[in-house]
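Note sheet for the following structure.
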Protein chains: 2
Amino acid sequence: MDSQKSSAGASKTAKITKTPSRGRGVQRVSALLDAASAVFAETGYEAATTTEIARRAKASIGSLYQFFPTKEHLAAALHARHLESLAAVFDSLAAEAQGAANEQGAASDGIIDELFQRLLVYLEANPAFLVLGERRSLDPAVKKQARARLRGGIAGLLQTIEPPVPRERIAPLAALILHLIRMAAMLRADDDLTIRDPAVAELREMLRRHLAATQVKA
Amino acid sequence: MDSQKSSAGASKTAKITKTPSRGRGVQRVSALLDAASAVFAETGYEAATTTEIARRAKASIGSLYQFFPTKEHLAAALHARHLESLAAVFDSLAAEAQGAANEQGAASDGIIDELFQRLLVYLEANPAFLVLGERRSLDPAVKKQARARLRGGIAGLLQTIEPPVPRERIAPLAALILHLIRMAAMLRADDDLTIRDPAVAELREMLRRHLAATQVKA
DNA sequence: CGTTAATATGAGACAATCCTCACATTTGTG
DNA sequence: CACAAATGTGAGGATTGTCTCATATTAACG
């Protein structure tokens with residue numbers, strides 16, 4: 001919900017975004033973010049126009065700039081919002097893994113399959129997230145932080161599976177899996193119907209095999 | 001070298017690009033393409049300006065527009081040029097595989113490793129290719145054709161390895177490998193130093209394992 | 001009901017960029 | 001050398017897009 005980087009300083013033109021304090025404002029912001037998500041997904045970051053976003057949110061441009069002093073701020077807020085949603089996915093998945101562990105004594109490695117599935121669904125439903133995560137204007141520090149957060153979530157899940165994965169492989173594996181999921185999403189969005197489903201199947205099988213081989217069976 | 005789509009019709013504003021007929025023009029075109037490659041790689045397609053490209057090529061904007069009637073035409077020509085180079089890589093690799101087959105009786109599956117390596121090197125040396133292949137304005141038909149060409153190259157190599165890969169797995173595998181290589185390139189460009197090399201290693205090991213398991217040992 | 005802070009509006013200032021055009025220069029050719 | 005075709009030039013037309021601002025509307029609260 002926090003629309004701007006008020007805490008992590010170094011904002012050159014310390015332009016203060018007005019956070020809505022009344023119900024109407026909150027709704028507007030939400031509608032603007034929704035519209036932005038759609039437009040960014042359709043046209044990409046650069047080609048997206050603030051005018052079009054405002055139009056779709058049934059707001060005037062002035063209204064948009066009341067809450068988001070810059071197109072870039074709008075993108076940042078939307079990106080942050082998506083990250084929150086993804087964090088929720090990780091949390092629920094971790095809870096499931098925990099539950100399974102308590103019942104059976106150990107979490108299944110199927111949790112990774114489940115993760116793969118859910119993230120894929122999320123990314124297909126919210127293509128703007130990938131667009132925003134790859135846009136040129138994204139502050140490298142923010143990008144790094146976002147990646148670290150996602151990798152951390154995956155690493156957390158990797159730690160729970162049984163038989164275990166060697167400690168030192170967890171970090172690179174998490175990075176790999178994150179990229180694989182993004183790749184699967186791109187693959188589904190881009191490619192030919194006849195090729196994309198078999199290719200995604202091949203990808204998942206490859207990952208399962210690799211994971212199984214990496215777990216220490218001893 | 002063919003700068004425009006003179007053959008495969010359906011060009012709406014059938015604007016005819018002037019192909020250089022004198023040596024000076026050929027050099028200009030080459031310099032412009034080089035400059036474009038650099039600028040596109042640095043800033044992405046949309047943020048790249050024709051003015052900057054002309055400046056780097058030490059040409060005037062007028063000169064640029066003499067040979068490329070549109071920024072988009074320039075991008076298309078550059079994309080085509082990169083595709084040619086990549087085709088050359090595939091050819092040389094196929095020749096090697098053929099040579100190895102004649103000497104030892106069967107091509108090694110190490111040829112895929114070699115492919116991976118060479119494409120990775122090419123993509124790192126020519127980041128503009130990825131930029132152009134993913135730009136929003138890229139004609140879907142052209143994109144499809146480019147992908148098919150690359151997949152075809154990989155499929156050709158897959159067919160030569162011994163023990164063989166089942167026929168019906170070749171196409172999806174080729175698609176998968178193509179995406180994996182792109183992913184590896186992005187991974188190297190994007191990620192943290194401490195994570196990227198282990199992650200790429202993990203990726204290559206995963207692919208090797210998957211390939212080995214897919215080959216019919218019988 | 002009256003005051004005031006929040007929210008809404010859209011014309012247009014300002015800047016950036018693609019591309020054109022009228023004209024200049026170079027170079028191959030008879 | 002004379003001529004024509006190819007190539008070179010850069011000011012500026014035309015368009016587009018971000019963001020500002022003066023002003024209008026809404027709604028919470030005593």
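Reminder, nothing fancy here: chain letters follow the sequence lines and each chain counts from 1.
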Quick one: CD1 on I154(B) to CG on L180(B), what's the gap to the nearest 0.5 Å?
-> 9.0 Å

Would a distance-only check, ignoring hydrogens and angles, find a side-chain to backbone donor-acceptor pair under 3.5 Å from T43(A) to V39(A)?
-> yes

If you check the K71(B) side chain, which of dC18(C), dT7(C), dC19(D) turns out closest?
-> dC18(C)

Within 45° of the axis and under 6.0 Å from the centre of the six-membered ring of Y65(A), does NZ or CZ of K71(A) qualify?
-> no

S60(A), nearest nucleotide to its side chain (from dA8(C), dA6(C), dG8(D)) | dA8(C)

From dT7(C), dG8(D), dC19(C), nucleotide with atom closest to F67(A) side chain = dT7(C)

Going by heavy atoms in the side chains, are I61(A) and I53(A) under 4.5 Å from each other?
-> no

Please figure out whether A47(A) or G62(A) has its closest DNA chain D nucleotide nearer the 5' end.
-> A47(A)

Whole angstrom is fine here: how far is it from CD in E46(B) over to C1' in dG17(D)?
-> 13 Å

Classify the ring geometry between F129(B) and H79(B) as parallel (under 30°), tilted (30 to 60°) or perpendicular (over 60°).
-> parallel

Of the nucleotides dT20(C), dT27(C), dT18(D), which one has an atom closest to the side chain of Y65(A)?
-> dT18(D)

So what does A54(B) hit on the nucleic acid, given a heavy-atom distance under 4.0 Å: a base, only sugar-phosphate, or nothing?
-> nothing

Residue whose nearest DNA chain C nucleotide is more 5′ - E72(B) or R24(B) | E72(B)

Q66(B) side-chain proximity, nearest of dC18(C), dT9(D), dA5(C) = dT9(D)

Phosphate oxygens OP1/OP2 of dC19(D): is one of them under 4.0 Å from a side-chain N or O of T70(A)?
-> yes

Which nucleotide in dT18(D), dT9(D), dT9(C) has an atom nearest any side-chain atom of R28(A) = dT9(C)

So does R22(A) reach the base of dT7(C) with its side chain, donor to acceptor, closer than 3.5 Å?
-> no

The residue, I61(B) or G23(B), whose nearest nucleotide of DNA chain D is more 5′ is G23(B)

Which part of the nucleic acid, if any, lies within contact of T49(A), taking any heavy atom under 4.0 Å across all strands shown: a base, the sugar-phosphate backbone alone, or nothing?
-> sugar-phosphate

What does T50(B) touch in the nucleic acid at a heavy-atom separation under 4.0 angstrom: a base, only the sugar-phosphate, or nothing?
-> sugar-phosphate

Rounded interatomic separation in angstrom, taking CD from Q27(B) and P from dT26(C) = 17 Å

